[in-house]
Peer 1: 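Quick one: this structure, given as structure tokens, is what I'll be asking you about.
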Protein chains: 2
Amino acid sequence: MHVRRPATLASLAAELGVSRTTVSNAYNRPDQLSPELRRRVLETARRLGYPGPDPVARSLRTRKAGAVGLLLTENLSYAFRDPAALGFLEGLALACEDAGQGLHLVPVNPEREDVAAVHRAGVDGFVVYSVPDDDPHLAAVLSRPVPTVVADQPIVDGVDRVGIDDRGAITALAQRLIALGHRRVGVVCMRLARDRNDGFAPVERQHAAHFHVQRARLAGIADAFTIAGVEWSRVPVVERFDHSTASGASAAAQLLDSDPQVTALVCTSDILALGALAEAKRRGLRVPQDLTITGFDGIPDGERIGLTTVRQPVLEKGKAAGKLLLGTVDPTRPREITLETELVTGATAAPPRTAEERWFGP
Amino acid sequence: MHVRRPATLASLAAELGVSRTTVSNAYNRPDQLSPELRRRVLETARRLGYPGPDPVARSLRTRKAGAVGLLLTENLSYAFRDPAALGFLEGLALACEDAGQGLHLVPVNPEREDVAAVHRAGVDGFVVYSVPDDDPHLAAVLSRPVPTVVADQPIVDGVDRVGIDDRGAITALAQRLIALGHRRVGVVCMRLARDRNDGFAPVERQHAAHFHVQRARLAGIADAFTIAGVEWSRVPVVERFDHSTASGASAAAQLLDSDPQVTALVCTSDILALGALAEAKRRGLRVPQDLTITGFDGIPDGERIGLTTVRQPVLEKGKAAGKLLLGTVDPTRPREITLETELVTGATAAPPRTAEERWFGP
DNA sequence: TGGACTGACCGTAACGGTTCAGAACCACTA
DNA sequence: TAGTGGTTCTGAACCGTTACGGTCAGTCCA
């Protein structure tokens, strides 16, 4: 039996005795040929099992892939489990859908540094979400001659960006704590670099952080407390590599063990804060009477329990990233979008326990 | 100023005075040329800003796109909102990551029937997740000459499939309710077809359902209750188009309004069940003392509150779909995978309220 | 009757690679 | 010296399509 090679535009044209152009037009520009001929073309296509123009060949010719690449260096499951990331993804997906563009998740194995996947992705542009500034995949993306938008981090010169004022937002939150009387606090943050450091993060490490968002949030907290007369280098900052409630809990434990006098735990994400809350509960500490705990992001689980935090519009961020990339945004505007955040006064922050601590500091 | 066209393999070869083959080999088969020449090639590439072989052109030549397409008829963002879909997506993404394949989410606008996106996707295969069997996008996917795997639904002859025994699983759950004494129940299900029908679904509509999973689950409930002597056609089944807790709540309301004697609400998804729980609470009905409510899926939010349900391994399902498509599965086995489910005895099911109802039926 | 216009279709040249079968060269062996 | 084998590089075909600038016959109108 003869194994027929799959039909192509050319073979279809030959069968019909017309030019390839005409067959192409039958699919792409119906107005360029008579309805009758078009009908014949389509019918013959069906008969020969021709599935229509090959998308890859078309992409090559038109220089359009019809898809947006998404790079997240984290473990994929991180993106699917973190509510903030999820909101971003949803927003991005909506923007893509509006524009009829596919969303191509670039496979990144965080173990080996396999940059090839970035080069293999046939996409019209990239959205880079929350990767460290020294990530080799990021470099690979930037080397590709397609437009790129960075969300949150890192900040790259000349590359469009969408984000929030992390520093200012958390400064406002910290000022609120200061106004309540907190002077002796501990900080829980996400990982600051690609290497694992589950423990205290000295000031040098904070400054050298490859994750801009974390760096900015720490700086924002430092801003407020420094002005309030607290020496930042003496404020304990605990870092965790994995972003999970378990991490938040163990970090809180580490802080409370090292300094039981701490009156507030400032966490750089809601997930971490939820973990810290669990640890406080485990220790029989009442929140906020015995301990103040704050987060960052404004995720649903946090809202449900009244977490004091900063709410950021994650869905809008994803949408904005998509629109920026797909050019739905006014091209005369500076190509950097900073979205508004909102301080959420929850039920997990209150004045510190004792009057001494409140008035005279630790 | 001269606008230089972007460098290509050919221009690079010309610059170096070597053949295109050699440049190609420098990237793809380093062993085919001397290290010295390779170094020169790569260096010149850097100097000229050549980003490496164009992925689309390569795909055309090699007939490999390096990506898997995912079709879900719902909005793309649905995948990021529905916990079960999300789990599937995560599993699929993991499988793709393992295989170094990208995951291309096909944008589908459920409003207009824009099948073009399916034809435009440059992928090596498709995973179809939970679409109605008369979906035009499905037809478009099947017309493409690439391997396809269907997850959950629909069942298509000759197409690989991964799923669970929906019918059997929910039969077991229903039997549990029957054992508890429930005879007068209401059912809340997801949409049965592409047309909107927010209301009661008569038996004919149930049988004609284009969503196999829903059809199977209804049939499974019917199996159990029929054997128990309950006439299925008199069991009220309420359908909701949108899959949300709001839908679950309004459907529960509709059922309870139409028959306040109902002792249990069987929902075909946890999301719907969570909504039903909210509605019960709103009405001051205690669950399970006054009303039994069950779900299906085993999502985290349900687990947290102790929902009685059927847990299905959504992550594994996604992984299995990926592996099936990417050929990591023993090719001699039948290409249909049915995963195990587990009946979850939660705290939302109990015997019906009154002794009369329990022993003598409604 | 001739010129402009229109509709329908076609030929050619890319698009940017990969691949395979050699060619050229060299060192080594018999 | 001729043959052998290995390394390194090349030439040409091919992947399937669309963009561009035509051609050609027919129609309309003055």
Side-chain angles (χ1 to χ4, degrees), chain A residues 4-42 44-45 48-66 116 119-124 144-146, chain B residues 4-42 44-45 48-66 116 119-124 144-146:
Chain A
R4 193 176 47 198
R5 299 192 55 190
T8 71
L9 203 107
S11 65
L12 196 58
E15 173 85 15
L16 281 157
V18 301
S19 76
R20 300 205 302 274
T21 304
T22 300
V23 178
S24 175
N25 283 336
Y27 285 95
N28 304 316
R29 303 182 184 169
D31 57 312
Q32 294 292 306
L33 36 61
S34 64
E36 159 59 14
L37 179 55
R38 180 168 134 92
R39 200 194 50 68
R40 265 181 59 217
V41 171
L42 263 35
T44 308
L48 264 51
Y50 176 65
D54 180 280
V56 176
R58 166 186 282 158
S59 287
L60 174 59
R61 185 64 243 240
T62 61
R63 321 279 324 138
K64 296 237 154 303
H119 286 121
R120 235 190 307 265
V123 297
D124 298 326
R144 298 240 343 226
V146 295
Chain B
R4 193 177 45 199
R5 299 193 56 191
T8 71
L9 201 104
S11 66
L12 195 56
E15 173 85 15
L16 281 157
V18 302
S19 75
R20 303 208 307 278
T21 303
T22 299
V23 178
S24 175
N25 283 336
Y27 285 94
N28 304 316
R29 303 182 187 175
D31 58 312
Q32 294 293 306
L33 37 61
S34 64
E36 159 59 13
L37 178 55
R38 180 169 134 92
R39 199 193 53 67
R40 265 179 60 216
V41 171
L42 264 34
T44 309
L48 264 50
Y50 176 66
D54 180 278
V56 176
R58 165 184 284 159
S59 288
L60 174 60
R61 184 62 242 240
T62 61
R63 320 283 321 143
K64 295 237 155 302
H119 289 294
R120 235 191 307 265
V123 297
D124 298 326
R144 298 246 335 232
V146 294

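The basis for the numbers below is simple: all heavy atoms, side chains too, and nothing from hydrogens, waters or symmetry mates. Reminder, nothing fancy here: chain letters follow the sequence lines and each chain counts from 1.
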Peer 1: Shorter than 3.5 Å, N or O on both sides, protein versus nucleotides 11-13 of chain C: list them out with atom names.
Peer 2:
| from | atom 1 | to | atom 2 | distance (Å) |
| --- | --- | --- | --- | --- |
| C/dG11 | O6 | A/T21 | OG1 | 2.8 |
| C/dA13 | N6 | A/R20 | NH2 | 3.2 |

Peer 1: What nucleotide among D/dT17, C/dG16, D/dT10 has an atom nearest to a side-chain atom of B/V18?
Peer 2: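 For B/V18, the side-chain atoms sit closest to D/dT10.
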Peer 1: With respect to the phosphate group of D/dT18, does any side-chain polar atom (N or O) of A/S24 fall under 4.0 Å of OP1 or OP2?
Peer 2: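 True: A/S24 side-chain N/O within range (under 4.0 Å) of D/dT18 OP1/OP2.
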Peer 1: Rounded to the nearest 0.5 Å, how far does CG of B/L48 lie from OG1 of B/T8?
Peer 2: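 Reported value, rounded in 0.5 Å steps: 10.0 Å.
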Peer 1: Quantify the bending of the helix from C/dT1-D/dA30 to C/dA30-D/dT1 as the angle between its end axes, each fitted on five pairs, to 10°.
Peer 2: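 Both end axes considered, the difference amounts to 50°.
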Peer 1: According to side-chain contact (heavy atoms from CB on, under 4.5 Å), who are the partners of A/A116, at least two apart in sequence or on a separate chain?
Peer 2: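 Scan of A/A116 (side-chain contact (heavy atoms from CB on, under 4.5 Å), adjacent residues dropped) gives A/D114, A/R120.
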Peer 1: Where is the tightest heavy-atom contact between A/V23 and A/V41, given as atom of each residue plus distance?
Peer 2: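 Here A/V23 and A/V41 meet closest at CG1-CG1, 4.0 Å.
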Peer 1: Looking only at side-chain atoms of A/S34, point me to the closest of C/dG16, D/dT10, C/dA8.
Peer 2: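 Nearest to the side chain of A/S34 among the choices is C/dA8.
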Peer 1: Which whole-number value in Å describes the distance from B/L16 CG to D/dC9 C1'?
Peer 2: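 Answer to the nearest Å: 13 Å.
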Peer 1: Does B/Y50 form a side-chain contact (heavy atoms from CB on, under 4.5 Å) with B/L9? I'd like the steps, not just the answer.
Peer 2: CA-CA 8 Å; B/Y50 176 66; B/L9 201 104; 3.4 Å; yes
Peer 1: Separation of A/Y50 atom OH from D/dG16 atom P, in whole Å?
Peer 2: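 So the OH-P distance, A/Y50 to D/dG16, works out to 10 Å.
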Peer 1: Could you tell me the separation between the CZ atom of A/R40 and the CD atom of A/E15, rounded to the nearest 0.5 Å?
Peer 2: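 Here the rounded value is 10.0 Å.
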Peer 1: Does the side chain of A/R63 get closer than 4.0 angstrom to OP1 or OP2 of C/dG16 through an N or O atom?
Peer 2: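 Indeed, a polar side-chain atom of A/R63 lies that close.
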Peer 1: About how many Å separate CG of A/L42 and OH of A/Y27, when rounded to the nearest 0.5 Å?
Peer 2: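 CG of A/L42 is found 5.0 Å from OH of A/Y27.
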Peer 1: Hey, mind stepping through A/R63 and B/D54 against side-chain contact (heavy atoms from CB on, under 4.5 Å) and telling me if it holds?
Peer 2: CA-CA 11 Å; A/R63 321 279 324 138; B/D54 180 278; 3.6 Å; yes
Peer 1: Quickly work out the A/D54 CG to D/dC14 C1' distance and round it to whole Å.
Peer 2: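 Interatomic distance, CG of A/D54 to C1' of D/dC14: 14 Å.
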Peer 1: Select base, sugar-phosphate, or nothing to describe what B/T22 touches, counting heavy atoms under 4.0 Å on all strands.
Peer 2: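 Base, at least one base heavy atom under 4.0 Å.
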Peer 1: Show the numbers, then the answer: is there a side-chain contact (heavy atoms from CB on, under 4.5 Å) between B/D124 and B/V146?
Peer 2: CA-CA 6 Å; B/D124 298 326; B/V146 294; 5.9 Å; no
Peer 1: Using a heavy-atom cut-off of 4.0 Å across all strands, would you classify B/G52 as base, sugar-phosphate, or nothing?
Peer 2: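 Sugar-phosphate contact only - B/G52 comes under 4.0 Å of backbone atoms but never of a base.
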Peer 1: Measure the distance from CZ on B/R40 to P on D/dT8 and round it to the nearest whole Å.
Peer 2: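 That distance rounds to 15 Å.
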Peer 1: For the side chain of B/L60, starting at C-beta, report the closest nucleotide among D/dG16, C/dC15, C/dG17.
Peer 2: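 The closest nucleotide is D/dG16.
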Peer 1: What pairs with B/T22 under side-chain contact (heavy atoms from CB on, under 4.5 Å), at least two apart in sequence or on another chain?
Peer 2: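 Applying side-chain contact (heavy atoms from CB on, under 4.5 Å) to B/T22 gives B/V18, B/S19, B/L33, B/L37.
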Peer 1: Can you list, in residue-number order, the parts of residues 25-33 of chain A that come under 4.0 Å of DNA chain C, counting heavy atoms only?
Peer 2: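 A/Q32, A/L33 - these, ordered by number, are the residues of the stretch whose heavy atoms sit under 4.0 Å from the strand.
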Peer 1: If a pair satisfies salt bridge (Lys or Arg N to Asp or Glu O under 4.0 Å) and one of its residues is in residues 17-34 of chain A, list it, with sequence neighbours excluded.
Peer 2: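 Applying salt bridge (Lys or Arg N to Asp or Glu O under 4.0 Å) to every pair that reaches into residues 17-34 of chain A, excluding sequence neighbours, yields nothing.
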Peer 1: In sequence, state the C-alpha distance, the side-chain angles, and the governing distance for A/L12 and A/T44, and then conclude on side-chain contact (heavy atoms from CB on, under 4.5 Å).
Peer 2: CA-CA 7 Å; A/L12 196 58; A/T44 308; 3.8 Å; yes
Peer 1: Nearest whole Å is fine: how far is D/dA19 C1' from A/L9 CG?
Peer 2: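 To the nearest whole Å, that distance equals 14 Å.
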Peer 1: Does A/S11 use its side chain to pair, donor to acceptor, with the backbone of A/A7 at less than 3.5 Å?
Peer 2: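 No, A/S11 side chain to A/A7 backbone: no donor-acceptor pair under 3.5 Å.
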